Number of protein chains: 2
Amino acid sequence: MNQFTSPAQPLKRIAESTVRRLSIYLRFLEEFEGRGRATVSSDELARRGGTTSAQVRKDLSVFGSFGKRGLGYSVPELATSLREILGLGREWKVVIIGAGKIGAALAQYHGFRERGFVIVAAYDTNPEKIGGTLEGIAIRDMQSFESDVTRENPDIAVLTIPMHSAQEVLDRVARAGIKAVLNFAPAQLHAPMDMAVKTVNMAMELEGLTFALTNAH
Amino acid sequence: MNQFTSPAQPLKRIAESTVRRLSIYLRFLEEFEGRGRATVSSDELARRGGTTSAQVRKDLSVFGSFGKRGLGYSVPELATSLREILGLGREWKVVIIGAGKIGAALAQYHGFRERGFVIVAAYDTNPEKIGGTLEGIAIRDMQSFESDVTRENPDIAVLTIPMHSAQEVLDRVARAGIKAVLNFAPAQLHAPMDMAVKTVNMAMELEGLTFALTNAH
DNA sequence: GCTAGCTTGTGAATCAATTCACAAGCCCTG
DNA sequence: CAGGGCTTGTGAATTGATTCACAAGCTAGC
């Protein structure tokens, strides 16, 4: 295998940590691409990404063989392969549920559109918000959610809603057939197995910090 | 040991995953506290938290012995112990660096003050923002950062700044003596070992989702 | 076209985290 | 106050992730 030959199926379950690191490598590759650099070694990717060269090579080896011995990796080729592996070769339709401050921050986040994520709508239940816009994106009534999803088929739902309604909304999202959710509510959500849910929990991150501060040396 | 008898020192390095789960358990305990529930079993905590009862017991056993055999854990006692372990028994002073939309969303985030985090100031380099307020918090000139830190001794810095300046600002934060950072810039930061840095990287989370969608069965 | 110098790809070894499984304890009932 | 029913705490076993270490392969220089 000299190229990423889209393996028939997930040969083995791929570790989440591996995927996260691929994201990191891709970030550096894009930086190098911008500077017109031709090749990069596993060792350099490792130093930048805070890991080891063996780890970089193991991570990549799960998906194929991308390098040339003695030389390293072609920056544009590896970047293209990683984008393909990570599913960034296409556009993804995103809906934001919850038109609050976090929703607004996300809606205007530049990195979103840059990477092929298109926010098609925002939803809320507050009549004062419905009909307005969130950073230029129409805020719709949550009541029309199911029929909108049927029509527009968004790929990803971003939940920026209060904790107490999070599970209920997730269930609705699941029933509507959306298979990926990015959750900002500080709640542990239970979803069907065929769904991908990532939770960003600020309280948890902060507590990781206070734990470290409290138990320092 | 029948109580959390604050162990002399971190006996062994404690896994980050353990600390994250303690956070989750605490969230459920607080919910139970609110409902006046007296006890809870490792099995119930596990089911709610999406893990196993053995895992719950192992996690807790790192810090002491909190339960009663045959009965389970006292909800208020375990909650108190976990708050103590996680360092939530005191107030923490937080500064936000970068008075943009994400900074604003964080500044108004309720969960912050509720858990003992007090935002003492926001910083920016944009003259149009300096002197204004971010959700009621004064926006100061980044130039006064070092002298302010010397005077006020904040515990935690939250970075909501563009990627390209993130490492530079982190270095400044480190030199100023702050030992904990919550980073929202999509950058891999390198910090001195005695600092705790948590990065929340939305791009990475989204790519975890698109990977899952792309490689779904 | 041969040699020196790198760097990959990958089994094997190590290190870390999770799960198993069960003795030890506690509570309640009668 | 003895027995049954639960549930904890924890070594041992297992599973998973990372690191080691080296043969294989490529490039460049001569």
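Proteins get letters first, then strands, A, B, ... in listed order; numbering begins at 1 in each. Just so it is clear, the structure is predicted and the values come from calculations on it, not from any experiment.
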Asker: Would you indicate whether B:R113, at its atom CZ, is surrounded by more than 12 heavy atoms from other residues, nucleotides or ligands within a distance under 6.0 Å?
Answerer: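 No, the 6.0 Å shell around CZ holds no more than 12 heavy atoms from other groups.
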Asker: When you check the gap from the basic side-chain N to the acidic O, do A:D43 and A:R48 get nearer than 4.0 Å?
Answerer: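 Salt bridge between A:D43 and A:R48, a charged N being under 4.0 Å from a carboxylate O: no.
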Asker: From OH of B:Y25 over to P of D:dT8, roughly how many Å is that when rounded to an integer?
Answerer: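 Whole-Å distance recorded here is 12 Å.
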Asker: Identify the heavy atoms of B:L88 and B:F117 that sit nearest to each other, and give their distance.
Answerer: CD2-CZ, 4.3 Å
Asker: Compute the centroid of each ring, for B:Y123 and then for B:F145, and state whether the two points are separated by less than 6.0 Å.
Answerer: yes
Asker: Verify whether the ring centers belonging to B:F112 and B:Y109 lie closer than 6.0 Å.
Answerer: yes
Asker: Closest nucleotide of DNA chain D for A:T51 versus for B:S53: which of these residues is on the 5' side?
Answerer: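 On the 5' side of the pair lies B:S53.
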Asker: Separation of B:L78 atom CG from D:dT7 atom P, in whole Å?
Answerer: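 So the two atoms are 16 Å apart, to the nearest Å.
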Asker: For B:D43 and for A:T18, locate the closest nucleotide of DNA chain D by heavy-atom distance; then report the residue assigned to the nucleotide nearer the 5' terminus.
Answerer: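 The answer here is B:D43.
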Asker: Between A:S41 and C:dT7, is there a side-chain N or O to OP1/OP2 distance below 4.0 Å?
Answerer: no
Asker: What one-letter contact string describes nucleotides 9-17 of chain D from 5' to 3', where B marks a base within less than 4.0 Å of any protein heavy atom, S marks contact via sugar-phosphate atoms alone, and - marks no contact?
Answerer: BBBB----S
Asker: Once you round it to whole Å, what is the distance between C1' of C:dA24 and CG of B:L71?
Answerer: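 Whole-Å distance recorded here is 15 Å.
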Asker: Determine all donor-acceptor pairs shorter than 3.5 Å in which one atom belongs to a side chain in residues 171-188 of chain B; sequence neighbours excluded.
Answerer:
{"from": "B:D171", "atom 1": "OD1", "to": "B:Q167", "atom 2": "NE2", "distance (Å)": "2.9"}
{"from": "B:R172", "atom 1": "NE", "to": "B:E146", "atom 2": "OE2", "distance (Å)": "2.7"}
{"from": "B:R172", "atom 1": "NH2", "to": "B:M142", "atom 2": "O", "distance (Å)": "2.9"}
{"from": "B:R172", "atom 1": "NH2", "to": "B:E146", "atom 2": "OE1", "distance (Å)": "3.1"}
{"from": "B:K179", "atom 1": "NZ", "to": "B:D194", "atom 2": "OD2", "distance (Å)": "2.9"}
{"from": "B:N183", "atom 1": "OD1", "to": "B:A185", "atom 2": "N", "distance (Å)": "2.8"}
{"from": "B:N183", "atom 1": "ND2", "to": "B:A185", "atom 2": "O", "distance (Å)": "3.1"}
{"from": "B:N183", "atom 1": "ND2", "to": "B:T199", "atom 2": "OG1", "distance (Å)": "3.1"}

Asker: Looking at C:dT19, I'd like to know if its phosphate oxygens (OP1 or OP2) sit under 4.0 Å from a side-chain N or O belonging to B:T52.
Answerer: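 Looking at the OP1 and OP2 atoms of C:dT19, one of them is under 4.0 Å from a side-chain N or O of B:T52.
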